[in-house]
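The sequence lines fix the lettering, A, B, ..., with proteins before strands; numbering per chain opens at 1.
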Amino acid sequence: MTETYHPHAIEVKWQRKWEDSQLYRSKVDWSKPKHYALTMLPYPSGDLHIGHWFAMTPSDARARWMRMKGYNVLFPMGFDAFGLPAEQAAISRNIHPWKWTYANIERMREQLRSMGAMFDWEREAISCTPEYYKWSEWFFKRFYEHGIAYRGSALVNWSESLQTVLANEQVIDGKDERTGQPVAHKMMEQWFFRITQYADELLDFAGMDWPQAIKIMQTNWIGRSEGARAVFHTEVGGHPIEIYTTRPDTLWGATFMVLAPEHDLVEKITTAEQRAAVEHYIDEIAAETEIERMMEHREKTGVFTGAYAINPVNDERIPIWIADYVMITYGTGAIMAVPAHDQRDFEFARAHDLPIRVVIQPADMTEPLSDEAMSEAYDGPGLMVNSDAMNGSESDWRKGRKNPAINRVIDWLEATGKGEEAVNYRLRDWLISRQRYWGGPIPMMYDGDEIIPVPDAELPVELPEDVDFMPTGRSPLTYHEPFFKVDDSIRRETDTLDTFMCSSWYQLRYLSPDCATAPFDAEEAAYWLPVDVYTGGAEHAVMHLLYTRFFTKALRDIGVFDATAAAMRRHGREPAGVFDEPMTVLRNQGQVLGGEHQGDFVLCSGRMDGGKMLAERIEVVDWNQVPAGFDGIFGEIAHRTENVLHVDMAGITQFVEVLPGAVIHIPAIPGANNVNQLSHHLEIQRMSKSKGNVVNPDELVEQYGADVVRCYLMFNFDWQKGGPWNENNIKGPQGWLHDVWEIALAGAPESASDLSAERNIERKLHQTIAVVNRGLEEFSFNTAIAEQMKFKNALKAALRTGGIGAEMWRALMSQLIRLLAPFAPHIAEELWALLGWEYSVHEQPWPQYDADKAREELVELVVMINGKPRETIAVAVDIAQERAQELALASEAARRSLAGKPPKRAIFIPGRNGSDPKVNIVV
RNA sequence: GCCUCCGUAGCUCAGGGGUAGAGCGCUCCCUUGGUAAGGGCGAGGUCAUGAGUUCAAAUCUCAUCGGAGGCUCCA
């Protein structure tokens, strides 16, 4: 008699037991190697969704595997709990952000527990608690003291809908990355972190095992370029205008200059005649949103300031314009325009009738470039011309000093004091202030213009709870007098910290979330740091993942890790390099998308009215079952809006308006049907409530059990890619776990042990171990599970055939269950107990791969004729070349095709790692 | 426009110079006192397309087409 597999009781039972026995408490133990596995902490938005499961359960499986391999594993979890949704809930539903956030955290904790993950809950950290944000404030102060945090005036991104400024990284295509609302540029005084100081170090990924895509995105975002700075002066007044260029070799081709409309000098140099036009243009630009300004292919607009500059390289007098294609935020906000060799300048010159002068002449052109004939800028290689002493220098494709012409010009600029070599970055300093309530307070005060840091002893500056949320969206801190009014002259900062600051160091807080004397305990950090494996979404490429790297380096430089380094040395661990980067290995999971489903196939009858049908009857039928003689519209419902159907009739979209009293017949839904019950085609796309394609993990766990859901998520997708949800495929992992259950409960076979049968299944087992190891190592969870399914099939077949003795059966089961444990922790624990082994399976050693046991003994020697396989001969694995060639030449296939003639060649390919040996005979 | 990654069975994916693979799904058969099932047999692929290198290309190179993601007036 066997019991059937009922996941529910098992899962709840073991989750409780694990907690009671503190199975997943991770404690510093210098006698064991450590492994810090971290998965991005969730925002407590209310409900755990399938994406969380997809991100976390495979990471959990890998952490469990490391643990069984003998590592002391830390796998913590917490909440990134500050942020706008809480504040929006406060405004729209009158729930205080504390209450909303904590209620959500409570709920999500429970849901997280249902995963059966090995989170160490005693290390939980929640970023919105005063115990946590005290240290966010403390870090801010340290940064301020070391000049990494500063208050400055800059053109920043202002989101009208969120009523706050945003960092550059949070703005995509001129829109706020969260809500998609447009942002405007505004000059504001704000707090910044000097991330640009770390630009070069952030470009260095040496020793970091991160996805190529992330490294490229960060590299692009930092946007390092090499070139030169040169100073032009205005003809009148001699004001210096600094410019940055990557093409100093084209300095002699500058025929005008362009300043960004926001440039300081504009006001000073604009002549009386041009003032009205310039001011008008500036107003126009200011009114534009960032989106409008970034539109592609827009015309190059701009106005002449009336002023002229002197080109330092040739003393030429050139006009100064302003135009919005020059950004105040990049370089110096001013450019020398070289229309012959820069497409933007070229377009501007043509639009405003400015001169063009060729200064790079390509060597291999039949027709030399000429100012008049050019239809576009030439930015290729060539020889410098019209450039005085520099003429003849060769400019190639290379950038910076590597380019001979650029190198020569830079030397000359430096020798003559007209300019110097320069490096420029696209990266801006990190704008850290937010005009919001629900964030960590910035621990600063103001007495007029004087900035006064809040003394350390007074940290944390706590968020007041008795605040009113106004529908205007303004932060309640700005009108909460007890908060901002320190005394008659001193006013407290009412801006709060960007939540990305809180998440830049949470990996440190997990080490000692209760530590009251420091942000983290040095003894813990000395053992656990750095994070060994970090998993999460790629959408954080240039935000969280860049910020946390910067943060770590900044902490290192201001000495925050000094005590940790000392503790490391005491324990004999070398601290050099440990604090350079927060996470050694990074892997991104893909996204689970909503599944595709077909729309109903309908027959529509009614009358035609213009291009559409006014339907009186809609009938859902089986796919393509169109009755003979049916003359209405038929096909799949591709789309439906209200009562208008878009029916795909053999590839052509037909519009059908369903009339109010129309008869709708849907056989699958009994009773009277209505138009809302017709289902339309659903594309593969992101899950969202509005599309009605979300999958609720709680329901899945209810129906299948957590182990099946975990295994389905790991098995059905390439984890790093993601893919469409297909609940049908859940049956695969379900059947697998059912089978393993059956095999285990059936007990040891009674058949006598047969050496060769046992040897064969053992070989399969060890081959499986190798593949599972590799799958887990490489985050290829799907292959790791597929291989275990194969082994299960092989085992089942072997048990049926017989020859597996009781002893071997137990040995196999012991290893099979241990292999299963990281993936399906509950069923593995249950079977482990049922077979009488000691609690817990998760504390057992991982099955040891044995290459000798995995090796095949007999292999097929493949005889190929001209590269085409023709015959196989069974031979020993380690067959020697001569013997193999001999056998191959003697084969039937070889004799047939050689017909007595000697072969041209016979190439022997030894069999290696699993593949058969081969001999290719060339005739 | 530029950069990166990817096109292998119906689906999800391994593999990767040397006989085209897995799981699921599917067909058919068996079982029907393991039953919201179980067992067995099987079908199914010009490895996106074209060219090159090679004794041998799904695999390497180049081009083209298709897909995904990122950047984009960056001087």
At a heavy-atom distance below 4.0 Å, what parts of residues 777-784 of chain A sit against RNA chain B?
A:N782, A:T783

Heavy atoms only, 4.0 Å cut-off, all strands: where does A:M864 land among base, sugar-phosphate and nothing?
base

So what's the dot-bracket for RNA chain B: Watson-Crick or G-U pairs under 3.5 Å, [ ] if a pair crosses, | if it pairs off-strand?
(((((((..((((....[..)))).(.(((.......))).).....(((((..]....))))))))))))....

Sorted by chain and number, sequence neighbours left out, salt bridge (charged side-chain N to carboxylate O under 4.0 Å, His left out) with A:D200 holds for A:R224

I'd like to know if the side chain of A:D718 pairs up with that of A:N782 as donor and acceptor (distance under 3.5 Å, no hydrogens or angles considered).
no

Short heteroatom pairs, N/O only, protein and nucleotides 25-27 of chain B, under 3.5 Å:
none

Determine the contact category for A:N424: base if any of its heavy atoms lies under 4.0 Å from a base atom, sugar-phosphate if only primed atoms, P, OP1 or OP2 are that close, otherwise nothing.
nothing

Taking for each residue the nucleotide of RNA chain B bearing the nearest heavy atom, is the 5' side occupied by A:V922 or by A:K792?
A:K792

Scan A:Y330 against the nucleic acid and name what it touches under 4.0 Å (heavy atoms): base, sugar-phosphate only, or nothing.
base

Using salt bridge (charged side-chain N to carboxylate O under 4.0 Å, His left out) as the criterion, list what pairs up with A:R763, not counting sequence neighbours.
A:E856, A:E857

Anything under 30° is parallel, anything over 60° is perpendicular, the rest tilted; go ahead and classify A:F205 against A:W210.
tilted

Quick one: which of A:W53, A:Y712, A:F779, A:F781 gives a ring-ring contact (aromatic ring centres under 6.0 Å, His included) with A:F717?
A:Y712

Short side-chain N/O contact from A:N220 to OP1 or OP2 of B:U72, under 4.0 Å:
no

A:D429 side chain vs A:I195 backbone, donor-acceptor pair below 3.5 Å
yes

Hey, could you give me the CD/CD1 distance between A:E750 and A:I804, rounded to the nearest 0.5 Å?
14.5 Å

Not counting sequence neighbours, which residues clear side-chain hydrogen bond (donor to acceptor under 3.5 Å, both in side chains) with A:T783? List them please.
A:S780

Please state whether the phosphate of B:A14, meaning OP1 or OP2, lies under 4.0 angstrom from any side-chain nitrogen or oxygen of A:R774.
no

Please state whether the phosphate of B:G40, meaning OP1 or OP2, lies under 4.0 angstrom from any side-chain nitrogen or oxygen of A:R800.
yes

